[in-house]
Each structure stands twice: as structure tokens, then as C-alpha cells.
Amino acid sequence: MKTSKLSQIFLLVVTAFLVFRYVIHPQIPSSLLSFYMMIIVFTVFIYIISDTQLLQDFLNPIRSIIIKNKDTLIEERNKETRMLIFGLLPLVVAIFTYINLSVGIKQPAELRSIHPAPPLQILFREKPIRILGLENPLRPDKENFDKHIEEGAVVYFENCFYCHGDNLDGNGHFAEALNPRPADFTDTGSIAQLQESYVFWRISKGGQGLPAEGTPWNSAMPAWENVLTEEDIWKVIIYIYESTGMEPRRWEEKPLNR
Amino acid sequence: MISRFPIYTFYIFSIFIILFSTSSVSLAQSGIDTITSYREFPLIGSRIAVWIVAQIHLNFAAFILGVPIFSVIVELIGIITKNKEYDKMAKEFIKLTLMALATTAIFGALLLFFLVGLYPGFFYYLTSIFFTTLWIYPLLFFGETACLYLYWYSWDQLSNRKIVHLFLGILLNVFGLAIMFTANSWVSFMTSPAGIDEQGNLLNIWDAITNFTWMPYNIHRFLGNISFGGAIVAAYAGFKFMVSKTDDERAHYDWMGYTGNLIAISAFMALPFAGYWLTKEIYAFSEQLGVILMGGFLSWLWIIQALIIGILFLGTNSYFWLGMERIPGAERYKKYIKYLVSIVALCFLVWATPHTLVATQEETHRMGGSHHPVVGALGLMSAKNTAVNIMIMATFVSFVLYRRGNKISTVKWFKIGSRIQKILILSASGIVIFYGVYGYFVEAIVRVGFSFFQVSSVLFCIISVTIIEIFLFRNAKIIGKIRWGKIPFRSQYTLLAIGVTYTWLMGLMGFARSAMRQNWHVYGVLKDTSAHAYTPALGYTANIVSIITILFITFVLFIFWISGFGGKKESVQKNVSLAETRKGQSPGIVLFKGAVFSAVLIGFFTFYANKIPQIESRIPEELVALEGKFTQGEIVRIGKDIFEGRGNCSICHLETGGRGPNLGNVGFIAEIRKPDMLPEEYLMESIIRPSSYLVKGYGPIMPPADKPPVSLNQGELLAVVAYLQSRGGIVTIKPDDIPKGAFSPISKEKVSLAKGDIKVGELLFDEKGCLVCHAIIAEEEAKLAPNLFDIGRRASIKYIRESIVEPESKVVEGFELPMPDYEEKLTVKEFNDLVAYLLSLKG
């Protein structure tokens, strides 16, 4: 049996919804789901209006239900469907309204910028350090590179590993209790996207040092400047890059006229 | 009506010149004090006033600079093909430009008035850098106006000397480009200042003009103007189409709308590439600026932008597909639409996937982190570049199919030729996808370079396929003529939607350019210290952008309405001569329907931008800390900022009862709770030793405010106490209680916070041995070093500070004897006292 265009398109949208909702695993946030569905519905709309024949095919079933035919008589065969639809419509709207209005104890969605812009300069224990353009001072020292990695590892396992885990994947002992979870350094989206100075800033200032868009105080990361020395932090940075095999992002070439 | 326009323009133009000459002179006289001064615009405030006027001016300017570019090209095509229709259309384009010119000038003058009046300090600074160009600019504008009128009025006279006429058109564009390049030097300087010294004084004007983002802005705006001009022209044609009364008219406007849209999309396809270059240069100039723009505060702006660009691409494709209905034979290609629409939809999904997701904490936890392990990868640059390139390619294929509609190739090598085309398209897509995927396996800086390969393969593919296409369909058999005007009505709404969306996008991008500087007028040089220095959130921005869009459309409609008067006689004559007339819709109904349609579209963008969580970018704290003494009110305000901000007190102490007691009336309670203690003592004790005075029913969970993680210093603690007292009690903290400079740790950069003691400084000047070299009495001869008797008048505080800390950077000619470095030899207090003393030496 050939289904009408209306039901074909309806099926298409529903399938898209099911794919986004259930096939992608883990489940995507509801904001993204509605964003995707918005795009799908919009594209389908554009597709329908782009072809007059298709538009007619699409509209005909709807017309046959709600519009009177030429003899100003409503087609009898659609009577049941029409009554059903018009009977159910207020109910659907009511359910939808109820869902929208009944706000439970769930906290609202928030927008957390994972990598907000770093400050130009920070005060590390009252000492001004310029973040912009800063390189890891220990990297040029090739002779002691392995030693730095080893010492960085010690720093890591004495301080960081409880949350960030022994595989550096953010699955430490405390990870389950933290929200947001500790950063996963093995993810290409984390340290591989950043300059070492950025990581230095994050370690020194912790969650509370984030700007507003980074929703400070959500992150439980302590400000390590109170515990670690500058050198410790540079060492541990070398360690996390080396042991995950990630390369720190390099600075863009500087313009000459500044 | 048109004939009066030169007079209007001249009138406005004179105002322009007078304004320029007077404003710069008067400002120059009033001196450097104006740097920090602002005036407030009534009701809506200065920021919104300047914002709206600047954006409307910019939209009009984009229109009148963009349209002449393609109208000259259309005229050229007319000359080559000897088709009168092209010439007619080019003339109509210029007519629209002419109508918009006066409005552009009005808004330009308004913008200037507003800047001079509301931001005098900023304008003074910009004038001090770009004084030379401020004179050239009006002259260029004069040239542009003259050329435009010559071009327009000589259209019929020079009809048999087309080359001369074309030359005028080219000259018009040269002037137009020069105007844009000049104006861009100002705005790009605000983003990436160059050619100035550390104090912001001008060193080299040419460096200031050709600053780092100047050329990228020029190219980006050049393409953007063409695209915008095309879209507005298409929307205009769409409107005219719907109100057309005859088939002839309808055919003409259908064709015009098609051309406008084609121009818009052609320039639009190149726009992402110019955008990448611009962004790359911004990153190269300042990584921080780049991150604020792309990854940080403004990152969600690009999701909205992606949504809009996706809509524009889909809209354009839809217009091509609908256009097939006016081409006999095009139904052969209709079956491909569903594949194309799927490809575009897929790209759209990837293109608009945010990197930073809006999610509840529960959802974040479920994903195992802030990024989604599958979808998260789509939020990165590689995926987006791939998606937009494929989207461009699909749109190009739509266009090729559209062009083929009524043609059957007669060349023998058709099969091979079209197979080569297919291979080209597929391999270019393959290259794009390959580099997109490969981008995940290389470091960021290399990945950025990949977009070049992607872009060039797409461009190469488009160019070569087009060339093959031309040869394939030379002398092709035509199935039937294109039935211009026989396109479904709803296609015109597509054009309208594209025009409206473009205008909204212009507004949004204007905000992006301005907002990435955050609280800087000139990034890193001149700070915005006005009440409007913070950067608003996206929802607020969207509201203003929508207002701007509506205002702009209203002005455009008004102008088009006026321009309709000139052409009326013509159309009446036509009506008589045509036997077949079909009734068009009445302008009122079209206007109403179009307004409702546009309102829905604009409303949708606004709604979406308001729906996502809103983040404002507040001014960094260093600005909050004021110099010198505070009033009691200021101390309370600082306390409030700490309470709600850095101190994070308001997280638990809610009005409606949280984890800590409600402090709504704490000032009063502090006065009565412990009769043996002063209220400020009680409050201070409770914030640094919270467990000693627990309120019944609350656990000892509050962290001490002077210890990490909150770590408030003495001044901040006192300010919080003052704020708490202000809630229901009497504030007893006096300005003298706050230690000097207490709100900021003392560092080299921040010593300015504390004002020094002049008398102590005078003693120090002798004690530290400065007198050995520097004289301080006017009559005395300069000894080994410059005489400092009037240094407080000659030099700024910054200069004095730096010459003490880094003397070698401020060597005065004739005094080459090095001054010892005092950075390590002075305490912060001594340093401030010394600076204060030197500043007091006014000669």
C-alpha cells in the first residue's frame, strides 16, 4: 500500500527523533535534541515547499479533513478521523502545556564554557605572570626532560590523581562525586586544544579562578598555587602531555608590527 | 523626486564637513581630560543609541557600496551580450543606490554626532590617531557622490558610448572601496591597534591604518557588501513581483530577484573563507581576543550564526529548486532534490552542533563530562569546516542542475564531460572529508592550516566544473524558454526571508566585532570606563539586533516607496498596451503579509537567542577597585559586589532561605544580637570565625571568608561588613577604616591604587639621591639628568612610574648617563610617595 506524503514525512521526522533520542549513546542533552529537531523540521519544511507537486500531495490529506469540498459538504468518509483529531487536539495541547509548566525540582540547564578566554596576566602568589605568549620554561631544558617527567609524575600522583585518575582520563576515585567531572586529558578536546600557559592558569587558579562564562564554583578544582610551586606545576604539565601523548597547542606567529 | 536628491545630499554633506572640522578642533583644545568623559543619551542610554545608529549606517553603507559593484558587472554583461535587459536592470540597481545614499549620509552624520557627543574622550583619542584620514574621508565621499550622480544621469546620454559610462561606474567603485578601506582602518584599529607607542600615542599613521586585521576586514566586508546588496535587491524584487500587475513586470522582477539572489549566494559562498582568514589574524594578533570571540564568552553567538547561515543556504537552495518550475524540462532533475536536501540537512546538523553544550548537571554527568563522546566531536573546527564546504558544494550542484534545466547538450563528449564533472565533485568532497577527519589526528595549529586545502579544492572544483559546463552546453538544444514570472508565489517569500535574515545576521556580526573587545574602546589601549562598559548577554543583543533589523527594513521600505513615484508613469502606459493583465496583489496586503512573515522570522531568532542561558561579561575586577579614597557608598557597593560575586555568599544566604540564614535584615540584627559587642565587630567575627556565632537551626558549614578558597583581604572583609550593615542597619565602617590600596594586591602594575604622600616623597627625593643628578628648581641648569621642575606638567603618571622602574626605556636625548634602576630599591609605599611628589612639581 502506498502511504501518503503526509504520513511519509511524519514518519521521517519521528524516525529522526528516535535516532537522536535513543540511538546516539550516551543520551544527548535535551537542549541539543530540540535544536536538532528544529533543524530537521525546518529542512523538511523547505523540502516540501520547494516542489509544488509535493506540497499538494502533502496538503491534500490535511485539506480533506478540515476543508469543505466543492459541494460545501464535508466529506463523510473523513468524519471519524476529523472528530478524533479535533477531539484529541485540546488534550495534546493540554498535556504539552502541563509538561511545560510543571517544573520539578530539576535544576535548570546551564551553559558552561569549558575553555573560556584566559586572562592576559595572573598573580601567582602575588607574583605577576603574563599568560599570553608564555611557554613552559622547562621544555627547552632537553637534558633534564626525563627527570622533569618523572618529577611531574610524582606531583601528579600526590595531588591530581585522586580526581583525574591513574589513566589521566578523569576517572579518579573522587570522579563519581564531582559534577562536572574532572577533565579527561586523553580526550582530544581537552589539553590538546590548549597552550601550556592555559593549563598553567587553570592549575594555578582552579575552578574559582574561572570567569563568569566558565561558571566558577561549579568546578571543584582547587587553586593549586596555594599548594604547588611554579616549577611543580610546569613539571606536572609536561607529565600530563607526555603520558597522554598529546602535543600542547603552539602560539600563532606573532605579528611583526607589534 | 529624484532630482532633488543631490540637494539633500549636498546639504547633509556640508553638515558632515563642518562637523568634522569643528569637532576635532574643539576637542583638541579641551585637552586630555576628555579621555574619561562620557555623556548619557536620554532614556535608552549611550550604548544603545550609538549601537543602533552605527548598525543602521553600516547596513546602508554596505548596501550602497555593494550594489554598484555588481551593477557595473551587470552592465558589462549587457555590453558583451548586447542584451538591453541587463542594462535596464543595472540602471535599476543604481537607482536604488541613489535612493539609499542620502539615508546613509544622514545616519553617518548621526553616528558622528553621537560619538562626538556621547563618547567625547574616545572620539578624541581616535581623532588624535586618524586625524589625517578624517579629512580624506569626506573628500572620498564627495568623489563617490559625484561619480554616482554622473553615472546615473549620464546613463541615457552615454548609451552609445558605453565604455565611457562603464569607466564612470568603475571609478564609482574605486571611490566606494577607498571609503570602505578608510573606515575599516578605524574599526580594525579598535580591534588590533598598531603604529602607536606604549602610551597609545601615534608613531606612524600608515602602520595604524594597515594594522593587523585591516586587510582581512576589507576583504570580508567587500564580499559581505556584495552579498548583502544582492540579498536586499532580491528582496526588493520579490516585493515588486508580488505587487506587479502585468506579466511583463512580473517577468522582469522575477529575473531581477533571481539575479540578486545569485549575486548574494556567489559572494556568500566565498565569505566563510574570508571569515577564516579574519579569525586567524585575530588569533595571531591576540590569542585572548581570539578565544573570547570563538571559544569563550561569544561562543554561542556562533551557534546562532550557524543556524542563520544554515537557513540562508537552505533558503537559496529552495529558491533554485522552486525556480526549476519556470524552466521547461527541469522536471528531469527534480528527483535529485531529495538527495541534495538530505546532504544539506546533514551538513546543517554538523555545522550547527555546539561545542559548548547547554545541559543540566544531570545530563552532563550522563555524558561523562562536558563534551558528548560522539556528538562532541562535531563541535570542533574540523567538522564544521567540512560541513560548510560540502554545503557550499551541494548548493553549487543545485545551481548547476537549475542551469541545465531546459538544455540538452549536443556535444559528442557529453558523457565523458559530465563524468569528469562528477569525478571532480566527488573527489573534491573526498578531499574535504579526508582533511576533516585527518584534522582530529594532528595538533591544532596544523589543523587550522587544513582549511586552506579544503577551501582550495572546493574552489578548484567549482571553477573547473563551471568551465566544463559552459563547453558542454554550448549550442545546446533548448527544450523551452525560461518562463520568467511563472514561479510560485511562495518563492518570493523565500527571497524576503533571505533579505531579512541577512539584515539580522549583519546586526549580529556587528555585535561580534564590537563585543570581542569587551570593556575596551581600543583593545589593550583605551578602556571603556562608562556605565555601559560591560558586554551584554546574547538575548539582550538579539533584542537590539531585532529592533535594528525592523528599523532598517522600515527605512528601506520608505525609500523604495519614494522611489516608486518616479517610475509610475511608465507602468501606466504599459498597462494600456497590454491586453493580458492579471491582477497582482495590492501593495497593502503584500506589505501586511510580508511584515507578519518577517516578524515571525525575526521573532524566531530573538526567541532562540533568549532561550539559551544568558551570560553577561562583566568588567574585570581591577576596574571596580577605585583609586584613592572611597566614599561610604562606594564601600557598600564594593561589599555588595563581593557578596554576590567573588565571595559567593549569596549562594547559601538566599532571600528565601538557603543553606545559610537569610541576611535580609542582618544590619539590624547585628546591632541587637550581642549587646556587649559593636555591630561591626560581631559581623567581622561571624565572617572570619563563622562557627562562633551559629544561628539556631544552621550547621557549621560556612567557610571562613579570610581563608582559601574565598580569601578576602582586610579591605574586602570590611567592605562586606559595611554592606551587611547597610541591610537594615546603620553603616559604621568609615572610609578611613579601609587601608589604602586594600582592594588589590600590590604589584608593579597596580601600584596606582594607592595615592602617595607628597611630603614624604619630597624627603625621599633627597634621601634616595635623586637630587644628585636631577635639578628641581626652574632657574637651575640641568646637570647630569633632566631638570624635573615641571615634570608633573610635562609627563603622565604612567611615564613617571615607568621611568623610575625602567629608566633605560625612557632616556631623554642629551642625557645618556644611565640612571640606576630603582625597582628593587624602593618599597611600594616609597615608590608611590615619590611618584606623588614628582607629579606635584608643576613648575
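Chain identifiers are assigned alphabetically (A, B, ...) following the order of the sequence lines, protein sequences preceding nucleic acid strands; residue numbering begins at 1 within each chain. This is a predicted model, so every value here is computed, not measured.
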(message) My understanding is that only one of B:L357, B:I303, B:V358, B:I612 makes a side chain to side chain contact (heavy atoms under 4.5 Å, CB included) with A:F35; could you say which?
(response)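 Exactly one option meets the side chain to side chain contact (heavy atoms under 4.5 Å, CB included) with A:F35, and it is B:I303.
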
Checking [X] against chain B: side chain, backbone, both or neither under 4.5 Å from a heavy atom?
| X | value |
| --- | --- |
| A:P211 | neither |
| A:I28 | both |
| A:M246 | neither |
| A:D184 | neither |
| A:N171 | neither |
| A:S190 | neither |
| A:S34 | side chain |

(message) Among A:H115, A:H25, A:M38, which residue has the highest count of heavy-atom pairs closer than 4.5 Å to chain B?
(response)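 Winner by heavy-atom pair count: A:M38.
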
(message) Heavy-atom pairs under 4.5 Å with chain B - which of A:V44, A:L194, A:L54, A:L55 has more of them than the others?
(response)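 Of the candidates given, the most pairs with chain B belong to A:L55.
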
(message) With side-chain hydrogen bond (donor to acceptor under 3.5 Å, both in side chains) as the criterion, how do A:T52 and B:R490 come out once you've worked through the C-alpha distance, each side chain's angles and the decisive distance to 0.1 Å?
(response) CA-CA 10 Å; A:T52 306; B:R490 57 183 180 281; 3.2 Å; yes

Heavy-atom proximity to chain A below 4.5 Å, by part of [X]:
| X | value |
| --- | --- |
| B:I292 | both |
| B:V375 | side chain |
| B:L307 | side chain |
| B:A352 | both |
| B:E616 | backbone |
| B:Y608 | side chain |
| B:F313 | neither |

Could you tell me the separation between the [atom1] atom of [X] and the [atom2] atom of [Y], rounded to the nearest 0.5 Å?
| X | Y | atom1 | atom2 | value |
| --- | --- | --- | --- | --- |
| A:I48 | B:S318 | CD1 | OG | 11.5 Å |
| A:Q53 | B:E325 | CD | CD | 9.0 Å |
| A:L12 | B:S342 | CG | OG | 8.0 Å |
| B:W321 | A:I46 | CH2 | CD1 | 8.0 Å |
| B:S286 | A:L132 | OG | CG | 5.5 Å |

Is the closest side-chain heavy-atom distance between [X] and [Y] below 4.5 Å?
| X | Y | answer |
| --- | --- | --- |
| B:K338 | A:S50 | no |
| A:F20 | B:L349 | yes |
| A:L32 | B:H372 | no |
| B:V291 | A:P118 | yes |

(request) Looking only at non-hydrogen atoms, find the nearest pair between B:R366 and A:Q27 and report the distance. (result)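 Smallest heavy-atom distance, with atoms named: NH2-NE2, 3.5 Å.
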
(request) Specify the closest pair of heavy atoms between A:T43 and B:V341, including all atoms of both residues, with the distance to one decimal. (result)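 Of all heavy-atom pairs spanning A:T43 and B:V341, the closest is CG2-CG2, 3.9 Å.
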
(request) Decide yes or no on side-chain hydrogen bond (donor to acceptor under 3.5 Å, both in side chains) for B:T353 and A:Y36, but give the supporting numbers first. (result) CA-CA 8 Å; B:T353 299; A:Y36 279 170; 2.7 Å; yes

